[in-house]
Novice: 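Following this message is one structure expressed as C-alpha cells.
If you're wondering where the values come from, they're calculated on a predicted model, not measured in any experiment. We use all heavy atoms of the structure for the numbers below, so side chains are in, but hydrogens, waters and symmetry mates are not. Numbers for residues simply follow the sequence, beginning at 1.
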Amino acid sequence: MTMLRYIIMIVALIWSIKLSGQTYTIYTPLGNVIECSARAEFSQSEIVQLNDYYATAYPRAVMLSNSTNMYNGNGYAWAMQRGYDTCWINTYNKNGGQNIQKFYTNDLYTEIANTNLQSIAHVIYYYKAGHAAIYNPSIPGLYQSKWDHGPLMRHEPGYGPFSDMDDRKYYRVLGYYLTLHGDFETYVGVSNTYSAPIPGNSNYIRYVWHIYDHKGNDAGYSISSSANVATVTFTSVGVYQLVCEYYSTVTGEKLGEGFLEVFVDL
C-alpha cells in the first residue's frame with residue numbers, strides 16, 4: 001500500500017472517530033473536574049493499519065504499545081501516570097472551557113521554568129499542539145507519549161505527528177511542605193490550637209496529625225483534631241515536632257506535610 005493511500009485512509013478513519021465518544025468526569029487530586037471521553041475500541045485490522053502507518057511515517061520513533069482509541073497523550077501523561085484508568089482527555093471540554101489547564105492551575109502540577117531542571121519534569125506539555133508526554137529518566141533525551149489514535153511511542157522531543165512540537169512547557173508534582181500555624185512556645189497543661197494551611201480545594205483533602213518528641217516517640221501530649229485544625233495539650237517538658245499530613249481523598253496519594261517545632265516548658 002502506498003504512503004498516499006495510507007494517509008488518505010488514516011485521515012478518513014480519524015475524521016470518522018473524532019466525533020465519537022460520550023463524556024464523563026474524573027477529578028484531579030485537589031478536586032478540579034476533568035472531562036474525559038469514553039470511546040469504542042478499534043477493530044484488530046484498524047489497529048494493525050494504524051501501527052503500520054506510524055511505523056512507516058516515523059521510523060525514528062519506537063512503538064511501545066499498539067494503537068488504541070481508548071486514551072490519548074493527555075490522558076496518558078496527566079492522568080494515567082498518577083493511577084487513573086485509561087482515559088481520553090481533550091484540551092478543552094465540550095463547552096469550550098479549559099480542561100487540561102485544571103491539572104496545573106491551583107492543583108498539584110507546577111511549571112518548571114528553569115531549563116536546567118526540565119529533565120525532572122513529570123509531564124511535558126506541547127501547549128500549542130494540545131499534546132503531552134512523559135520523560136523516562138532511564139533513557140535520556142527521549143520522551144514517551146501516546147500519539148492520539150495511534151500507538152504509544154518513544155521519540156525525540158520534537159519528532160512526531162503534531163505541529164509546533166518545539167513549543168513545550170514542563171510540569172512537575174511538587175509536594176506541599178508548609179509551616180503550621182500556632183504558638184511555637186507553650187507550657188505543660190496549656191491547650192493550644194494549631195492549624196494547617198489549606199492548599200487548593202479543602203473538600204478533597206484528608207488531614208492526618210502526628211506529634212513526636214525529640215526522641216521520635218509519639219508521646220507526651222493529648223490531641224483532638226478536626227480536618228486542618230488540632231487542639232493540643234502537652235503533658236511533658238520538651239521539644240516536639242507537630243506534623244500534619246495531607247492526603248487526596250480522590251486518589252489517596254500523599255500530597256505533602258505541614259510542620260512546626262514546639263518548645264514546651266513548665
Novice: For atom OH of Y92, decide whether the heavy atoms of other residues, nucleotides or ligands shown that lie under 6.0 angstrom number more than 12.
Specialist: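 No, the 6.0 Å shell around OH holds no more than 12 heavy atoms from other groups.
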Novice: Counting distance only, does the side-chain N/O of S248 pair as donor-acceptor with the main-chain N or O of E253 below 3.5 Å?
Specialist: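 No, because the side chain of S248 does not come within donor-acceptor range (under 3.5 Å) of the backbone of E253.
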Novice: Which heavy atom of W209 sits nearest to which heavy atom of C244, and what is that distance?
Specialist: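 What the structure gives for the nearest pair is CE2-SG, 3.7 Å.
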Novice: Checking side chain to side chain contact (heavy atoms under 4.5 Å, CB included) between H122 and each of Y171, Y109, Y135, Y170, which is the one that passes?
Specialist: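 Between H122 and the candidates, side chain to side chain contact (heavy atoms under 4.5 Å, CB included) is satisfied uniquely by Y109.
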Novice: Check the angle between the aromatic planes of H155 and W147 and answer parallel, tilted or perpendicular using the 30° and 60° thresholds.
Specialist: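 Plane angle between 30° and 60°, so tilted.
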Novice: Report, as yes or no, whether the 6.0 Å neighbourhood of atom CG on N66 holds more than 12 heavy atoms from other residues, nucleotides or ligands.
Specialist: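 Atom CG in N66 is packed in, count exceeds 12.
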Novice: Using modelled atom types only, decide if a donor and an acceptor are shared between the side chain of N93 and the backbone of G96 within a distance under 3.5 Å.
Specialist: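 Yes, N93 side chain to G96 backbone: donor-acceptor pair under 3.5 Å.
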Novice: Can you confirm whether more than 12 heavy atoms, excluding those of Y159, are under 6.0 Å from its OH atom?
Specialist: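 Correct, the count exceeds 12.
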Novice: Under 3.5 Å, side chain of E185 to main-chain N/O of V264, donor-acceptor pair present?
Specialist: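 Not at all, since once roles are kept as given, no pair shorter than 3.5 Å links the two residues.
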Novice: Got more than 12 heavy atoms from elsewhere within 6.0 Å of CG, N136?
Specialist: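 Yes, CG of N136 has more than 12 neighbouring heavy atoms, counting only those of other groups under 6.0 Å.
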Novice: Would Y221 and D218 count as having a side-chain donor-acceptor pair, cut-off 3.5 Å?
Specialist: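 A donor-acceptor contact under 3.5 Å links the two side chains.
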Novice: Other than V243, what residues sit in its cluster of Ile, Leu, Val, Met, Phe, Trp and Tyr side chains whose heavy atoms are under 4.5 Å apart, directly or through others?
Specialist: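 Members other than V243 - counting any ILVMFWY side chain reachable under 4.5 Å - are Y177, Y212, F259.
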Novice: Parallel, tilted or perpendicular: which describes the rings of F162 and H131, with under 30° parallel and over 60° perpendicular?
Specialist: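 Judged by the thresholds at 30° and 60°, the geometry between F162 and H131 is parallel.
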Novice: Roughly how far, to the nearest 0.5 Å, is CZ of R172 from CD1 of I112?
Specialist: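 Going from CD1 on I112 over to CZ on R172, the span is 6.5 Å.
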Novice: Looking only at heavy atoms, what is the nearest atom pair of C87 and M80, with distance?
Specialist: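 Heavy atoms of C87 and M80 come nearest at N-SD, 3.9 Å.
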Novice: Would you please classify the geometry between the F234 ring and the Y240 ring as parallel, tilted or perpendicular, with 30° and 60° separating the classes?
Specialist: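 Rings of Y240 and F234: tilted, 30 to 60°.
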Novice: Step through the shown structure and confirm whether more than 12 heavy atoms of other residues, nucleotides or ligands are within 6.0 Å of OH on Y27.
Specialist: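 No.
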Novice: State the CD1-OG distance between I47 and S67, to the nearest 0.5 angstrom.
Specialist: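 Going from the CD1 atom of I47 to the OG atom of S67 covers 7.5 Å.
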Novice: I need the minimum non-hydrogen distance between T251 and Y84, along with the two atoms involved.
Specialist: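 Closest heavy-atom pair between T251 and Y84: CG2-OH, 3.3 Å.
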Novice: Please report the shortest heavy-atom distance between W78 and A132, naming the atom on each side.
Specialist: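 Distance-wise, the nearest heavy atoms are NE1-CB, 3.6 Å.
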Novice: Do E245 and Y247 have a side chain donor and acceptor closer than 3.5 Å?
Specialist: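 There is such a pair between these side chains.
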Novice: Take atom NE2 of H214 as the centre, draw a 6.0 Å sphere, and report whether it contains more than 12 heavy atoms from other residues, nucleotides or ligands.
Specialist: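 No, because the 6.0 Å sphere around NE2 of H214 holds 12 heavy atoms or fewer from other groups.
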Novice: Between the main-chain N or O of A40 and the side-chain N or O of N69, is there a donor-acceptor pair closer than 3.5 Å?
Specialist: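 Answer holds: yes.
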Novice: Under 3.5 Å, sequence neighbours excluded: what are the donor-acceptor pairs made by side chains of residues 190-198?
Specialist:
| unit_1 | atom_1 | unit_2 | atom_2 | d |
| --- | --- | --- | --- | --- |
| S191 | OG | T233 | OG1 | 2.8 |
| N192 | OD1 | T186 | OG1 | 3.4 |
| N192 | ND2 | T186 | OG1 | 2.7 |
| N192 | ND2 | V190 | O | 3.0 |
| Y194 | OH | D183 | O | 2.9 |

Novice: Looking at Y246, is K254 sitting on its ring face, NZ or CZ under 6.0 Å from the six-membered ring centre and within 45 degrees of the normal?
Specialist: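 No.
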Novice: Within a strict 4.5 Å, meaning less than it, do heavy atoms of the V62 and M153 side chains meet?
Specialist: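 Heavy-atom side-chain distance check fails, nothing below 4.5 Å.
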Novice: Without swapping roles, check the side chain of K102 against the backbone of V33 for a donor-acceptor pair under 3.5 Å.
Specialist: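 The answer is yes, because a donor-acceptor pair under 3.5 Å joins these two groups.
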Novice: Would K169 count as a cation-pi partner of Y127, with NZ or CZ less than 6.0 Å from the six-membered ring centre and within 45° of the ring normal?
Specialist: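 Yes, K169 sits over the ring of Y127.
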Novice: So which atom in L242 and which in I211 form the shortest heavy-atom distance, rounded to 0.1 Å?
Specialist: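 So the minimum-distance heavy-atom pair works out to CG-CG1, 4.1 Å.
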Novice: Give a yes-or-no answer on whether the side chains of E41 and T68 include a donor-acceptor pair shorter than 3.5 Å.
Specialist: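 Checked: E41/T68 side chains pair up, N/O donor to acceptor below 3.5 Å.
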